Engineer: 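Let me begin by handing over the structure; questions about it come next.
Keep in mind the model is a prediction, meaning the values are calculated, not measured. Along the sequence shown, the residues carry numbers beginning at 1.
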Amino acid sequence: MEINITFVIQMIAFFFYLFFTMNYIWPYVENIIEKRKKKISFFIKKLKIVKNKIKYIKKKISKIKKEKKNTAFEIISKAELKGSNILKKYKDKAFLEYKKIIFNSNIQINLEKEIMYKNFYKDISKIICFVLTKITQKTLDKKIDNKLINKIIRKIKLC
């Protein structure tokens, strides 16, 4: 490679370019780079703070979830207990009502039995009276001893 005037002019232009760039352009670029570095470091610090806050909030949320879960379990268990107590109460009431109904039904059945037996005895006595009267009438027609039959009727005292 030969060193000629073109080469020298290119070298001078290159050094002039370097000198101009280093003195006028580079400080401006370097200033922008520094500002950018500061912004990045600032945002990295903010990011770390935010990450720590997120961790704290996650811990707090999990703690609150556990507390709420426990509270929910307590409420559910209280509700189940209350429900079973209410159910027991109404079962007891229903059983007492059942017993009352059975007792009243038995009383009513016994009263109906008594009324039925009384009516039955009245009907039977009427039938017996009717039969005895017929027998008496027939015997009187045949002229059997009326005194004996009347005595029997008085002893029975059904009519």
Engineer: If you compare all heavy atoms of T21 against all heavy atoms of Y17, which two are closest, and at what distance to 0.1 Å?
Structural biologist: OG1-O, 2.6 Å

Engineer: Tell me whether the count of non-hydrogen atoms from other residues, nucleotides or ligands lying under 6.0 Å of CE in M116 goes above 12.
Structural biologist: yes

Engineer: Applying the 4.5 Å side-chain criterion to the ILVMFWY set and letting contacts propagate, would V29 and Y24 be lumped into a single cluster?
Structural biologist: yes

Engineer: At what distance, to the nearest 0.5 angstrom, does NZ of K51 lie from CD1 of I44?
Structural biologist: 9.5 Å

Engineer: Mind checking whether F7 and I12 sit in one hydrophobic cluster, side chains of I, L, V, M, F, W, Y counted as touching below 4.5 Å?
Structural biologist: yes

Engineer: What do you reckon, is CD1 of I5 surrounded by more than 12 foreign heavy atoms closer than 6.0 Å?
Structural biologist: no

Engineer: Kindly compute the distance separating CD1 (I86) from NZ (K93), expressed to the nearest 0.5 Å.
Structural biologist: 10.5 Å

Engineer: Relative to each other, are the rings of F20 and F16 parallel, tilted or perpendicular (30° and 60° limits)?
Structural biologist: parallel

Engineer: Should V8 and F15 be regarded as members of a common hydrophobic cluster, given that ILVMFWY residues are connected when their side-chain heavy atoms come within less than 4.5 Å of each other, either directly or indirectly?
Structural biologist: yes

Engineer: Between N85 and K89, is a side-chain contact (heavy atoms from CB on, under 4.5 Å) present by the stated rule, with each step listed?
Structural biologist: CA-CA 6 Å; N85 287 340; K89 177 182 164 184; over 6 Å; no

Engineer: Under 6.0 Å from the CD atom of Q108, do we count more than 12 heavy atoms belonging to anything else shown?
Structural biologist: no

Engineer: Measure the spacing between CD of E112 and OG of S105 and express it to the nearest 0.5 Å.
Structural biologist: 11.5 Å

Engineer: Check the pair K100, L96 against side-chain contact (heavy atoms from CB on, under 4.5 Å), reporting the backbone distance first and the verdict last.
Structural biologist: CA-CA 6 Å; K100 276 185 193 176; L96 288 174; 5.6 Å; no

Engineer: Dump the intermediate steps for side-chain contact (heavy atoms from CB on, under 4.5 Å) on L47 and F43, then the final yes or no.
Structural biologist: CA-CA 6 Å; L47 184 66; F43 285 118; over 6 Å; no

Engineer: I'd like to know if the side chain of N110 and the backbone of N106 have a donor-acceptor N/O pair within less than 3.5 Å.
Structural biologist: yes

Engineer: If Ile, Leu, Val, Met, Phe, Trp and Tyr residues are connected whenever their side-chain heavy atoms lie under 4.5 Å apart, and connections chain through other members, are I102 and F95 in the same group?
Structural biologist: yes

